[in-house]
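Structure first, then comments.
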2 protein chains.
Amino acid sequence: MESSSAASGGSTRREATRQKLYEAAVTLIAEQGFSATTVDEIAERAGVAKGTVYYNFASKSVLFEELLRHGVGLLTASLRDAAETTARAGGSRVDALDAMIRAGLVFIDRYPSFTQLYVAELWRTNRAWQSTLMVVRQQAVAVVEGVLREGVEGGEFSDEIDVPLTAAALVGMVLVAALDWKSFQPERSLDDVHAALSRLLQGRVSGRR
Amino acid sequence: MESSSAASGGSTRREATRQKLYEAAVTLIAEQGFSATTVDEIAERAGVAKGTVYYNFASKSVLFEELLRHGVGLLTASLRDAAETTARAGGSRVDALDAMIRAGLVFIDRYPSFTQLYVAELWRTNRAWQSTLMVVRQQAVAVVEGVLREGVEGGEFSDEIDVPLTAAALVGMVLVAALDWKSFQPERSLDDVHAALSRLLQGRVSGRR
DNA sequence: TTGTTTGAACTGACTGGTCAGTGCAAAAGG
DNA sequence: CCTTTTGCACTGACCAGTCAGTTCAAACAA
C-alpha cells in the first residue's frame, strides 16, 4: 500500500499542489480568520479545483492543522539552529537569546501571515486543532526555556528567574514587536528592530546612555 | 419627548440587556472566534431572544465593535491611572512602567476572555472593525509611549531607545506572559507573575544574583 | 385604589442565502 | 496504466437578519 516513490524531499506533483494550497490558505486565513475563509476561496487562490483540495486533505480543518504543524516546525528548527550555532561558536547564553530573537524576527519577516494566524489561534479554546497547537507551541517555547535553564545552571542568569514565564514573556516581546513592525512600520530594517529588542533584553533601557 | 426617568448611571432595562449581551458575546467569541460564534448562541447564553440582539445592536459586527471599544476603554483608563498615581506619589518612570505592568496584569486577570479576543483580532486585516481597533489600540499604547518619552526627556532612559517599538514590545511581553499564565498556570498568584516581569523589565535577568 | 393607555422592549418563527463536503465522468500527466 | 487533477452540479445544514405580534411598566385617569 505504501507509495514506493515519495523519495527524499517530496517533489511529487502532489507535494507541489499541497504547497500551493498551504500558501493560499495561510494568507487568506491570516486576513479573515478560519471560519470566514471558504474552501472555494482557497482553491481559487491556489489555482486548483475545489475537488483537488479534498483529494489532498480530508477536510478544511485538517488542511489548517497540517499548515500549523508545518509552520511551527520551521520556526522551531530555526530557533534550535540559532541556539546551537551560537553555542558552537563559543557565545554566551545571552548571545544565544539574542540570536534566537533575530531568528524569530527573520521568520516573522519571511512568514508574516503565518505568524499572524498563529497568534490569533493560540489562546483559543474549544477548537478542533487546539491540542495540535499546544504540542507545537511547547516545542518552540521549550527551545527558549532550554537556553534559559542552561544559563541559570551556569550562573549566567539569576537563579531567581521563572524559566517558563520568562520564556513566554520573551517570545511575546518578539512576537508583538514584530507584528507591530510589519503592520505599522514595514519600511524599517530588520537590524533596526533587532537592535531595539536587544537593548530591551539586556536591560539597557533604564540606566542612562 | 425625552424620558424623564433614565436617572443616573444608566440602570435602564435596556442597559442591563446590553451588558448581558456583552458578557455572553465576549466569552463565546474568545473561545470560538467571531465568525464561528452565532447570534443564536449569544442570545441563548445571555438569556434573551434573538430579536433582542437586533433590537439593541444594528448587527453582529456592531455588537462586537462596541464590545471592543468598551473593553479597551477600561484598559486605557486603568493604565493612565497607574501612570498618574505613580507620578503623583513621586515615583520614577521605571516605577510608572512597573505600575502599568501590574495594571495590565490586573486587567487581564479580571477580563481574560476580552484580552484573548483582542489579541486574536488585533493584527487581522480586511475586517469591518479594523479601523475601530486601530484607534483604541493606539490610545492604549500611547499611554506607555508617553511614559517612555518622559523618561527619555528626563534622562532616566537612554535616548537611543525606539519609543514606539519598545512600547509595543513591553505591551507584548505583558500580554503574552499573562495569557500564558491564565492558560497554563492559572494557580499562580498575580504578585508572582508581576515579580517575574519586573525582573525582566529591569534587566535583572542576566547579571548573576 | 383600580382600570386604561402608551410606547419601549422583547419574542421567535421564518426567509433567503451561503458554504462544507460529495459524486463522478473525463482529462491530463508522468 | 495508475495517480492526480478538473469541472461542475448537487445536497443538506446552518445562520444573519427580519417582522408581525406580545409583554411590561410607567403614566395617567376616574
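Lettering follows sequence order; numbering is per chain, from 1. Note that the coordinates shown come from a computational prediction; the quantities given were computed from them, not determined experimentally.
- Of the candidates dA8(C), dG29(C), dG21(C), the closest approach to any side-chain atom of Tyr55(B) belongs to dA8(C).
- With dG30(C), dC10(C), dA20(C) as the choices, the nucleotide that has an atom nearest any side-chain atom of Tyr54(A) turns out to be dA20(C).
- Here the P atom of nucleotide dA9(C) and the CG atom of Leu21(B) are 14 Å apart, to the nearest Å.
- Contacts between residues 24-52 of chain A and DNA chain C, defined by a heavy-atom separation under 4.0 Å, are made by Thr37(A), Thr38(A), Val39(A), Lys50(A).
- Put simply, CG on Leu63(A) is 10 Å from P on dG21(C), counting in whole angstrom units.
- A salt bridge links Asp191(B) with Arg102(B): the distance from a Lys NZ or Arg NE/NH1/NH2 to an Asp or Glu carboxylate oxygen falls below 4.0 Å.
- Between the side chains of Asp95(B) and Ser92(B), at least one donor-acceptor pair of N or O atoms lies under 3.5 Å.
- dT3(D) atom C1' lies 11 Å from atom CG of Asn56(A), rounded to whole Å.
- Listed pair Thr17(B) / dC10(C) meets the phosphate criterion, a side-chain N or O lying under 4.0 Å from OP1 or OP2.
- The pair Glu84(B)-Arg80(B) fails the salt-bridge criterion, with no side-chain N (NZ, NE, NH1 or NH2) lying under 4.0 Å from an Asp/Glu carboxylate O.
- Across the protein-nucleic acid pair, Glu15(B) atom CD and dA8(C) atom C1' stand 15 Å apart, rounded to whole Å.
- Remark: C1' of dC2(D) and CZ of Arg14(A) are 13 Å apart, rounded to the nearest angstrom.
- A cation-pi contact links Lys60(A) to Phe34(A), judged by a cut-off of 6.0 Å to the six-membered ring centre and 45° from its axis.
- A salt bridge between Glu153(A) and Arg149(A) is absent, with no side-chain N of the basic residue lying under 4.0 Å from a carboxylate O of the acidic one.
- Taking a cutoff of 4.0 Å between a charged side-chain nitrogen and a carboxylate oxygen, Glu23(B) and Arg45(B) do not qualify as a salt bridge.
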